[in-house]
*Asks:* 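This is the structure I want to talk about, given as structure tokens.
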Number of protein chains: 2
Amino acid sequence: MHILTKRWICPANSGKPGRMIPLSHQSPVSLSACHLAKAIDTIGDRWTLLILRSALFGVRRFDDFQRELGAPRTVLSGRLKALTQNGILEKRMYKTEGKRARPEYVLTKTGMALRPVLIALTQWSDDCLSQGKPPPLSFTDAASRQPIKVAFVDTSGRKVPPSQMRVALRR
Amino acid sequence: MHILTKRWICPANSGKPGRMIPLSHQSPVSLSACHLAKAIDTIGDRWTLLILRSALFGVRRFDDFQRELGAPRTVLSGRLKALTQNGILEKRMYKTEGKRARPEYVLTKTGMALRPVLIALTQWSDDCLSQGKPPPLSFTDAASRQPIKVAFVDTSGRKVPPSQMRVALRR
DNA sequence: CAGTATCCGGTCTGATACTG
DNA sequence: CAGTATCAGACCGGATACTG
């Protein structure tokens, strides 16, 4: 039916018709087999994303999430449970001197691995959504103090321009 | 109250307590001023994200989206309208020889700029969510044919390890 | 604190049908 | 095709209260 017969290639879209992603009537991968779709099912929800935002900023306690997000407690409870079950947050007991233990929700390794996603989203917002407003946060390299961006890199660690990126169906 | 008094620094979390993001009771940026929160409000919704997934794979027509996603037509209609109003999709008329014009929804430059976000999400899913299942898609450099990853880079285009990344509040 | 329980009005979802 | 119309039911948002 289309390009997929041999191998599915997705060039960059520069706005010029010739370089546009070719029209297709169906994605190359079914929703049920698509890893991206699975990720969307797991964290692609407004409250869940807002919780992850706060978590990346160091928020860990139920009432801190609740106060900051203004989410109904029942909803927050449900989302934290789901994130815990999916291995993105870990619920653990935090004990301080003299006080009794309290639960806290901490990002697991899997949860921390979402950082590039959320930072890429932040930079998209900085670049495309904010009309003139300067970004309140800056991301920098600890050593050089230069600004950091999210971008495509090859195996040697060199930046690859988006126009050079190709998507192919695994054989 | 916490680290924010001087400058807010967010080191990497390697799982070891000493390197964890410090506990905070509140994010350094209010929800209303946060660019990330704005992005979440704009596209942080299951159907919207699934629509963007299909759009990046070249789907452009109403019924193609509907068939692939199984979304209620009313919902799909609403999401496409919102994405168009937010400048992420452009609704335009596509005319083919002899047939009458039909509408199609094409990613704008702003929409295409979401590609790193969705590819980062795909790679997160590949790395953390898929139990053994190999990813159905591969992302490569057109020239070298090497695999491509989403990562942090500095201004010189060199990859920066996540542990070197710092977040600071703009003064 | 950290939740669970309950209630209510509203929006979203899902299914099906209908129109230009 | 590309939508709008309609409708029942689920889920959400907001409030408040209760418990360990």
Side-chain angles (χ1 to χ4, degrees), chain A residues 1-2 23-26 31-32 37 40-51 54-55 58-85 89-106, chain B residues 1-2 23-26 31-32 37 40-52 54-55 58-86 89-106:
Chain A
M1 158 149 279
H2 55 80
L23 170 66
S24 94
H25 295 288
Q26 203 178 330
L31 275 185
S32 56
I40 291 172
D41 275 345
T42 307
I43 62 154
D45 160 88
R46 202 182 108 81
W47 289 122
T48 301
L49 288 167
L50 289 173
I51 288 169
S54 296
V59 175
R60 292 188 215 154
R61 310 247 237 245
F62 189 92
D63 272 22
D64 289 334
F65 283 115
Q66 203 281 322
R67 216 187 340 273
E68 173 152 303
L69 303 182
R73 306 177 76 80
T74 44
V75 173
L76 178 59
S77 176
R79 295 295 196 281
L80 289 174
K81 210 158 285 177
L83 282 166
T84 303
Q85 280 168 358
L89 293 179
E90 184 195 348
K91 180 177 183 174
R92 64 187 192 197
M93 291 303 168
Y94 177 82
K95 36 204 166 298
T96 39
E97 193 73 27
K99 298 185 178 175
R100 91 169 173 297
R102 306 125 138 292
E104 60 175 3
Y105 297 89
V106 192
Chain B
M1 158 149 275
H2 55 79
L23 170 65
S24 95
H25 295 286
Q26 201 179 330
L31 275 186
S32 56
I40 292 172
D41 275 346
T42 308
I43 62 154
D45 160 89
R46 202 182 107 82
W47 289 123
T48 301
L49 287 167
L50 289 173
I51 288 169
L52 289 172
S54 296
V59 175
R60 291 188 216 154
R61 311 248 239 242
F62 189 92
D63 272 22
D64 289 334
F65 284 114
Q66 203 282 320
R67 217 188 340 274
E68 173 152 301
L69 303 182
R73 306 178 75 81
T74 44
V75 173
L76 178 59
S77 175
R79 295 295 197 280
L80 289 174
K81 210 157 286 178
L83 282 167
T84 303
Q85 281 168 358
N86 289 327
L89 293 179
E90 184 195 348
K91 180 178 184 175
R92 65 187 189 196
M93 291 303 168
Y94 177 82
K95 37 202 166 298
T96 39
E97 193 73 26
K99 296 185 178 174
R100 90 168 175 297
R102 303 125 139 292
E104 61 175 4
Y105 297 89
V106 192

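First the proteins, then the strands, lettered A, B, ... as listed; each starts at 1.
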*Asks:* So does Trp47(B) get a side-chain nitrogen or oxygen closer than 4.0 Å to the phosphate oxygens (OP1/OP2) of dC12(C)?
*Replies:* no

*Asks:* What is the distance, rounded to the nearest whole Å, between atom CD1 of Ile51(B) and atom P of dT13(C)?
*Replies:* 10 Å

*Asks:* Take atom CZ of Arg61(A) and atom C1' of dC1(C), then tell me their distance rounded to the nearest Å.
*Replies:* 9 Å

*Asks:* When the distance from CZ of Arg46(A) to P of dT13(C) is rounded to whole Å, what number comes out?
*Replies:* 13 Å

*Asks:* When the distance from CG of Leu80(B) to C1' of dA2(D) is rounded to whole Å, what number comes out?
*Replies:*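 Distance check: Leu80(B) CG to dA2(D) C1' gives 11 Å.
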
*Asks:* Glu104(B) pairs by salt bridge (charged side-chain N to carboxylate O under 4.0 Å, His left out) with which of Lys91(B), Arg92(B), Lys95(B)?
*Replies:*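 Of the listed residues Lys91(B), Arg92(B), Lys95(B), the salt bridge (charged side-chain N to carboxylate O under 4.0 Å, His left out) partner of Glu104(B) is Arg92(B).
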
*Asks:* Is Tyr105(A) touching bases, backbone alone, or none of the nucleic acid, heavy atoms closer than 4.0 Å?
*Replies:* sugar-phosphate

*Asks:* Could you tell me how far apart Lys91(B) (NZ) and dC1(D) (P) are, to the nearest whole angstrom?
*Replies:*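 Atom NZ in Lys91(B) sits about 16 Å away from atom P in dC1(D).
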
*Asks:* Leu31(A) and Glu68(B): which non-hydrogen atoms are nearest, and at how many Å?
*Replies:*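 That closest heavy-atom pairing would be CD1-O, 3.5 Å.
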
*Asks:* What's the CG-C1' distance between Leu50(A) and dG13(D), to the nearest Å?
*Replies:*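 For the pair Leu50(A) CG and dG13(D) C1', the rounded distance is 14 Å.
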
*Asks:* Starting from the 5' end of DNA chain D, give me the residue, Lys81(B) or Arg79(A), whose nearest nucleotide shows up first.
*Replies:*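 It is Lys81(B) whose nearest nucleotide is closer to the 5' end.
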
*Asks:* State which of dC12(D), dA2(C), dG3(D) makes the closest approach to the side chain of Pro103(B).
*Replies:*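 Of the options given, the side chain of Pro103(B) lies nearest dG3(D).
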
*Asks:* Find the distance between CG (Leu69(A)) and CD1 (Ile51(A)) and round it off to the nearest 0.5 Å.
*Replies:* 6.5 Å

*Asks:* Under a 4.0 Å N-O cut-off, is there an ion pair linking Asp41(B) with Arg46(A)?
*Replies:* yes

*Asks:* Name the one of Leu83(B), Val59(B), Leu89(B) that satisfies side chain to side chain contact (heavy atoms under 4.5 Å, CB included) with Tyr105(B)?
*Replies:* Leu89(B)

*Asks:* Taking only side-chain N and O atoms of Tyr94(A), does any of them lie within less than 4.0 angstrom of OP1 or OP2 on dC1(C)?
*Replies:*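 No.
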
*Asks:* Between atom CG in Asp64(B) and atom C1' in dC1(D), what is the gap in whole Å?
*Replies:*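 In whole Å, dC1(D) C1' lies 10 Å from Asp64(B) CG.
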
*Asks:* Short question: side chain of Gln66(A), backbone of Ala71(A) - any donor-acceptor pair under 3.5 Å?
*Replies:*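 Yes, the answer is positive, given that a donor and an acceptor are paired below the 3.5 Å cut-off.
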
*Asks:* Quick one: CD on Gln26(B) to OG on Ser54(A), what's the gap to the nearest 0.5 Å?
*Replies:*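 Gln26(B) atom CD to Ser54(A) atom OG measures 9.5 Å (nearest 0.5 Å).
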
*Asks:* Does DNA chain D take part in any stems of at least 3 consecutive Watson-Crick or G-U pairs (both distances under 3.5 Å), and if so, which ones?
*Replies:*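 Consecutive-pair runs (3 or more) involving DNA chain D: C:1-20 with D:1-20.
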
*Asks:* Side-chain N or O of Ser77(A) versus OP1/OP2 of dG3(C): is the shortest distance under 4.0 Å?
*Replies:* no

*Asks:* Between dC1(C) atom C1' and Leu23(B) atom CG, what is the distance in whole Å?
*Replies:*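 Rounding to the nearest Å, CG of Leu23(B) and C1' of dC1(C) are 13 Å apart.
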
*Asks:* Can you sort out which residues in residues 66-74 of chain B have a heavy atom within less than 4.0 Å of DNA chain D? Ascending by number, please.
*Replies:*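 Under 4.0 Å from DNA chain D: Arg73(B), Thr74(B).
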
*Asks:* Rounded at 0.5 Å granularity, tell me how far CG in Leu49(A) sits from CZ in Arg79(A).
*Replies:*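 These two atoms lie 10.0 Å from each other.
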
*Asks:* Assess the residue pair Lys81(B) and Thr84(B) against the criterion (side-chain contact (heavy atoms from CB on, under 4.5 Å)); give the C-alpha distance rounded to whole Å, side-chain angles, the decisive distance to 0.1 Å, and a yes or no.
*Replies:* CA-CA 5 Å; Lys81(B) 210 157 286 178; Thr84(B) 303; 5.7 Å; no

*Asks:* If you look at every heavy atom in Phe65(B) and Ala55(B), which pair is closest and at what distance?
*Replies:*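 In this case the closest contact between Phe65(B) and Ala55(B) is CE2-N, 3.9 Å.
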
*Asks:* Relative to the 5' end of DNA chain D, which residue comes earlier, Arg100(A) or Asp45(A), by the nucleotide with the nearest heavy atom?
*Replies:*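 The residue closer to the strand's 5' end, by nearest nucleotide, is Asp45(A).
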
